[in-house]
Amino acid sequence: MKIVVLCGGLSMERNVSLSSGSLICKALRKNGHKAILVDMFYGIENYDGDLNALFETLPEVPDCPISNVEPDLPAVIAARKWQSPSMIGHNVLDLCKLADVVFLGLHGACGEDGRIQAALDLLGIKYTGSGCLGSALAMDKHLTKCVVAPLGVKTPTWEVTDYTADDIDAIVARTKLPCVVKPIDSGSSIGVAIATDEASLRAALNDNLKLGRVMLEQYVKGRELDVGVLQGKALPSIEIIPKQGFYDYANKYQAGATLEVCPAPLDADTERRLGEVALTVHKALGLNTYSRSDYILDENGDIWFLEINTLPGMTPTSLLPQEAAAAGISYNELCEILIKEALEGKS
């Protein structure tokens with residue numbers, strides 16, 4: 001089968017996506033597919049031949065370890081040879097048209113927010129994961145909460161603010177501490193901070209000025225848990241225990257920085273309730289095939305929903321592959337399931 005694995009793109013999660021895409025492409029080739037790794041932003045810049053021939057020559061798939069440093073997006077833009085305002089690189093859509101299916105290894109803006117899904121839909125190209133509307137809703141943490149909170153899903157109270165530097169003093173004065181500061185439409189914990197006093201809140205707001213709207217969310221103390229959904233069923237949960245600080249970008253992707261226990265050491269009732277909440281959120285947003293959602297379990301046993309990811313990471317340290325493995329599904333099998341769902345109709 002001819003498969004294009006789309007990764008990279010132009011988001012703050014670019015480096016994570018490149019790592020996911022590399023592993024996905026290698027797994028698909030081991031499964032016998034003619035898979036090609038394509039950076040959605042750069043496209044096919046150094047090749048002038050027949051695009052169909054790429055599925056026969058199968059260019060080498062590079063290793064893409066994740067840097068502890070967030071990507072320098074202005075440098076990424078400057079390095080592209082095709083100086084176009086398009087977020088989709090040269091020949092990307094033409095190559096996707098030639099494939100049997102596109103495997104979306106993208107994360108963050110212009111990959112997980114519904115825009116590339118809409119473009120592929122209009123072109124009649126099959127792809128993995130959720131559709132454009134569900135992806136857009138899930139990418140916006142505020143809209144996600146607005147959809148699921150009326151369904152009885154417990155979620156921390158929140159406020160969304162679109163602010164400038166001149167507004168920071170007023171925000172600090174009215175905000176109850178401690179709180180969590182997070183961009184409304186970013187993942188991989190980029191821009192996320194736990195503010196415990198006015199100084200740390202002010203610093204977090206200053207750091208997030210470049211990222212747009214932010215959410216100020218009630219801080220809930222407890223155990224960090226994660227639950228994947230695959231083909232309409234909840235996977236075994238995983239507990240996340242950072243060795244220091246919280247589950248930020250560095251702790252997510254630096255090997256050995258976080259203890260991840262799967263299945264999570266929970267009683268049967270709590271595991272059941274977690275799975276039920278995960279399925280409720282997944283279905284309420286109209287998601288397809290798979291997702292991964294984040295929770296806090298407080299000292300009273302209450303489950304607090306935080307956010308959901310429609311294209312979960314597939315890196316060496318990512319959570320969904322660990323949860324699938326706990327259910328007896330290998331990484332290569334997981335990739336094959338996602339391809340099959342894309343081709344046969346998503347559930």
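These values consider heavy atoms only, across backbone and side chains, with no hydrogens, waters or symmetry-generated copies.
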Next on the checklist: For a side-chain contact (heavy atoms from CB on, under 4.5 Å) check, start with the C-alpha distance between Arg223 and Ile296, then their side-chain angles and the critical distance, and finish with the verdict.
Outcome noted: CA-CA 5 Å; Arg223 298 166 64 183; Ile296 295 292; over 6 Å; no
Next on the checklist: If you apply the rule side-chain contact (heavy atoms from CB on, under 4.5 Å), what do you find for Trp304 with Thr155, and how did you get there?
Outcome noted: CA-CA 5 Å; Trp304 298 76; Thr155 187; 5.7 Å; no
Next on the checklist: Restricting to non-hydrogen atoms, name the atom on Cys110 and the atom on Met40 that form the minimum distance, rounded to 0.1 Å.
Outcome noted: O-CE, 2.9 Å
Checklist outcome for this item: So SG of Cys132 and CD1 of Ile116: to nearest 0.5 Å the spacing works out to 11.5 Å
Next on the checklist: Under 4.5 Å between side-chain heavy atoms, counting indirect links through other Ile/Leu/Val/Met/Phe/Trp/Tyr residues: same cluster for Ile194 and Val214 or not?
Outcome noted: no
Item to check | Tyr42 side chain to His90 backbone, donor-acceptor under 3.5 Å | outcome: no
Next on the checklist: Let me check something: do Leu73 and Trp82 share a hydrophobic cluster, defined by ILVMFWY side-chain heavy atoms less than 4.5 Å apart, either directly or through other members?
Outcome noted: no
Item to check | Closest non-hydrogen atom pair between Ala284 and Leu151, with its separation | outcome: CB-CD1, 3.5 Å
Item to check | Heavy-atom side-chain contact between Leu216 and Ile171 under 4.5 Å | outcome: yes
Item to check | Straight-line distance of Leu93 CG to Ser86 OG, nearest 0.5 Å | outcome: 7.5 Å
Checklist entry - Where is the tightest heavy-atom contact between Ala278 and Tyr295, given as atom of each residue plus distance? => result CA-OH, 3.1 Å
Item to check | Spacing of NZ belonging to Lys97 relative to CG belonging to Leu123, to within rounding of 0.5 Å | outcome: 5.5 Å
Checklist entry - Got a donor-acceptor contact below 3.5 angstrom from the Asn31 side chain to the Asn332 backbone? => result yes
Checklist entry - Can Lys141 and Asp185 be counted as an ion pair, charged N to O under 4.0 angstrom? => result no
Checklist entry - Is there a donor-acceptor contact under 3.5 Å linking the side chains of Tyr47 and Asn91? => result no
Next on the checklist: Assess whether a salt bridge exists between Asp169 and Arg202, defined as any Lys/Arg side-chain N lying under 4.0 Å from an Asp/Glu carboxylate O.
Outcome noted: yes
Next on the checklist: Within the structure provided, determine whether Arg213 and Thr161 are in side-chain contact (heavy-atom separation under 4.5 Å).
Outcome noted: no
Item to check | Whether over 12 other heavy atoms sit under 6.0 Å from Lys26 NZ | outcome: yes
Next on the checklist: Could you tell me if the side chain of Thr157 sits less than 4.5 Å from the side chain of Glu159, heavy atoms only?
Outcome noted: no
Item to check | Phe41 six-ring centre to Arg14 NZ/CZ under 6.0 Å and within 45° of normal | outcome: no
Checklist entry - Hey, quick one: are Ile238 and Val229 part of the same hydrophobic cluster, counting side-chain heavy atoms closer than 4.5 Å, chains of contacts allowed? => result no
Checklist entry - Atom CG of Leu320 and atom CG of Leu334: how far apart are they, to the nearest 0.5 Å? => result 5.5 Å
Item to check | CD (Glu299) with more than 12 external heavy atoms under 6.0 Å | outcome: no
Next on the checklist: Please evaluate residues Val220 and Val180 with respect to the criterion side-chain contact (heavy atoms from CB on, under 4.5 Å), reporting the C-alpha separation (whole Å), side-chain torsions for both, the decisive distance (0.1 Å), and the verdict.
Outcome noted: CA-CA 9 Å; Val220 179; Val180 180; over 6 Å; no
Checklist entry - Taking C-beta and beyond as the side chain, do Leu306 and Pro156 meet within less than 4.5 Å on heavy atoms? => result yes
Next on the checklist: Can a donor-acceptor pair be found, under 3.5 Å and without considering hydrogens, that links the side chain of Glu45 to the backbone of Lys81?
Outcome noted: yes
Checklist entry - Is the Lys NZ or Arg CZ of Lys2 less than 6.0 Å from the centre of Phe55's six-membered ring, within 45° of the axis? => result yes
Next on the checklist: Please check: side-chain N/O of Asp39 versus main-chain N/O of Gly43, any donor-acceptor pairing under 3.5 Å?
Outcome noted: no
Item to check | Side-chain ion pair, Arg272 and Glu276, N-O less than 4.0 Å | outcome: yes
Checklist entry - Is Met215 linked to Val181 within one hydrophobic cluster, defined over Ile, Leu, Val, Met, Phe, Trp and Tyr using a side-chain heavy-atom separation of less than 4.5 Å? => result no
Checklist entry - Counting distance only, does the side-chain N/O of Ser17 pair as donor-acceptor with the main-chain N or O of Glu13 below 3.5 Å? => result no
Next on the checklist: I want to check something: taking the side chain as every heavy atom from C-beta on, are Tyr127 and Leu6 in contact at a cut-off of under 4.5 Å?
Outcome noted: no
Checklist entry - Considering residues, nucleotides and ligands other than Asp267, do more than 12 of their heavy atoms fall under 6.0 Å from its CG? => result yes
Item to check | Contact check, side chains of Leu177 and Tyr219, non-hydrogen atoms, under 4.5 Å | outcome: no
Checklist entry - Side chains of Thr315 and Ser318: is there a donor and an acceptor less than 3.5 Å apart? => result yes
Checklist entry - If you measure only the distance, is there a donor-acceptor pair under 3.5 Å linking the side chains of His107 and Ser11? => result no
Next on the checklist: Walk me through whether Asp298 and Lys221 qualify under salt bridge (charged side-chain N to carboxylate O under 4.0 Å, His left out).
Outcome noted: CA-CA 6 Å; Asp298 70 18; Lys221 184 178 181 180; over 6 Å; no
Item to check | Joint cluster assignment, Met12 & Met87, ILVMFWY side-chain distance < 4.5 Å | outcome: yes
Checklist entry - Heavy-atom distance under 4.5 Å between the side chains of Leu205 and Val172, does that happen here? => result yes
Next on the checklist: We want to know whether Glu341 and Thr128 form a side-chain donor-acceptor pair, criterion being a heavy-atom distance below 3.5 angstrom.
Outcome noted: no
Checklist entry - Out of curiosity, Phe305 CZ to Lys145 NZ, how far, rounded to the nearest 0.5 Å? => result 7.5 Å
Item to check | Rounded distance (nearest 0.5 Å) linking atom CG of Leu95 with atom CG of Leu51 | outcome: 5.5 Å
Checklist entry - Between Ser200 and Ala195, is there a donor-acceptor pair closer than 3.5 Å when you use the side chain of the first and the backbone of the second? => result no
Checklist entry - Taking all non-hydrogen atoms of both residues, which atom of Gln322 and which atom of Thr317 are closest, and how far apart? => result NE2-O, 3.6 Å
Item to check | Non-hydrogen atoms of Ile36 and Arg29 that approach each other most closely | outcome: CA-NH2, 4.4 Å
Next on the checklist: Apply side-chain contact (heavy atoms from CB on, under 4.5 Å) to residues Glu224 and Ile241 and explain how you reach the verdict.
Outcome noted: CA-CA 7 Å; Glu224 297 185 55; Ile241 310 171; over 6 Å; no
Checklist entry - Got a donor-acceptor contact below 3.5 angstrom from the Glu271 side chain to the Ala268 backbone? => result no
Checklist entry - Nearest heavy-atom pair of Asp100 and Leu343: which atoms, and what distance? => result O-CD2, 3.7 Å
Checklist entry - Does a donor on one side chain and an acceptor on the other come within less than 3.5 Å for Lys182 and Asn208? => result no
Next on the checklist: I'd like to know if the side chain of Asn309 and the backbone of Leu311 have a donor-acceptor N/O pair within less than 3.5 Å.
Outcome noted: no
Next on the checklist: Looking at Thr164, is its backbone amide N or carbonyl O close enough to the side chain of Asp167 to form a donor-acceptor pair, meaning the two atoms are under 3.5 Å apart?
Outcome noted: yes
Checklist entry - With side chains defined as the heavy atoms from C-beta onward, is the minimum distance between Asp166 and Ile168 less than 4.5 Å? => result no
Checklist entry - With no hydrogens and no angle check, is any side-chain donor or acceptor of Thr57 less than 3.5 Å from a backbone partner on Ala53? => result yes
